Amino acid sequence: MPELPEVETVRSGLAPALTGATVNSIDIFDQRSLRRHLGGVSDFCETLVGRRILGVVRRGKFLWMPLEAKSADEPGSEIALVGHLGMSGQMLLRDPGAPEDKLTRVVLHCMQANGEPIELRFIDQRLFGGLQIDTLVETADGKTAGFSDGV
């Protein structure tokens, strides 16, 4: 399992490219990487596509990416994409058309805030990590429950 400094390094590498990025489409090569998402694969894709990522936050060894609501009147829009690296997982940023990475399980095709396309590739050799969409909850003390650069 990755240690906190490794997860923080991943967070700080993802944040500049993904903050403000919109998810345009998703390729799922291994559904087991989404086993923690209770709604299943189709719900994962339908919920995520079209949303803007507001930032990348670390809560312990989990990476949380809060998502913007698709519309102003959308109920329950306080959700986030959650990633866990497990023992061997990676989240890599790639330019579209970059050579294939071995053991890629999920690819999020995004448009960065600056208009440049980018791919977030979730790679996991042992399949102990995963992605899911979960609800954000307020902490008991009302303070931020994770480390980030201003989220």
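Being a predicted model, the structure only gives us computed values, none of them experimental.
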query = Do F122 and V41 belong to the same hydrophobic cluster, where Ile, Leu, Val, Met, Phe, Trp and Tyr are linked whenever their side-chain heavy atoms lie under 4.5 Å apart, directly or via other members?
reply =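 Linked within one cluster.
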
ask   = If you link I, L, V, M, F, W and Y whenever their side-chain heavy atoms are under 4.5 Å apart, who else ends up in the same group as I123?
value =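 ILVMFWY cluster around I123 also holds L92, L103.
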
inquiry  = According to side chain to side chain donor-acceptor pair (under 3.5 Å), who are the partners of Q112, at least two apart in sequence or on a separate chain?
reply    =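 Q112: no side chain to side chain donor-acceptor pair (under 3.5 Å) contacts found.
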
Minimum side-chain heavy-atom gap [X]-[Y] below 4.5 Å:
X	Y	answer
P66	I53	no
L18	L93	yes
K61	L4	yes

Salt bridge (Lys or Arg N to Asp or Glu O under 4.0 Å) against R52, all qualifying residues, sequence neighbours excluded =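 Partners of R52 under the salt bridge (Lys or Arg N to Asp or Glu O under 4.0 Å) test: E68.
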
task = Report the residues that fulfil salt bridge (Lys or Arg N to Asp or Glu O under 4.0 Å) with D43, sequence neighbours left out, ordered by chain and then residue number.
result =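 Listed in chain order: nothing, the list is empty.
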
In Å, rounded to the nearest 0.5 Å, how long is the span from [atom1] of [X] to [atom2] of [Y]?
X	Y	atom1	atom2	result
L54	L67	CG	CG	7.0 Å
L63	L131	CG	CG	9.5 Å
M65	L48	CE	CG	9.5 Å
I79	T47	CD1	OG1	6.0 Å
E46	K70	CD	NZ	7.5 Å
L108	L81	CG	CG	6.5 Å

Closest non-hydrogen atom pair between [X] and [Y], with its separation:
X	Y	value
S33	V106	CB-CG2, 4.1 Å
I28	C45	CD1-SG, 3.5 Å
S88	D124	OG-OD1, 3.0 Å
A80	L136	CB-CD2, 3.9 Å
G60	V7	O-CG1, 4.3 Å
M91	L120	CB-CD1, 3.9 Å

request  = Write out all pairs satisfying ring pair (Phe, Tyr, Trp, His ring centres under 6.0 Å) with one or both partners inside residues 11-69, taking only residues at least two apart or from two chains.
outcome  =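 Sorted pair list: H37-F44, F62-H84.
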
ask   = Which pairs with one or both residues in residues 23-39 pass salt bridge (Lys or Arg N to Asp or Glu O under 4.0 Å), sequence neighbours excluded?
value =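 Of all non-adjacent pairs touching residues 23-39, those that pass salt bridge (Lys or Arg N to Asp or Glu O under 4.0 Å) are D30-R32, D30-R105.
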
query = Between S12 (side chain) and T9 (backbone), is there a donor-acceptor pair under 3.5 Å?
reply =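 Yes, the answer is positive, given that a donor and an acceptor are paired below the 3.5 Å cut-off.
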
query = Got a donor-acceptor contact below 3.5 angstrom from the T104 side chain to the R121 backbone?
reply =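 No, the answer is negative, given that no donor and acceptor are paired below the 3.5 Å cut-off.
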
message = More than 12 heavy atoms of other residues, nucleotides or ligands under 6.0 Å from CG of N114: yes or no?
response =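 Count over threshold, so yes.
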
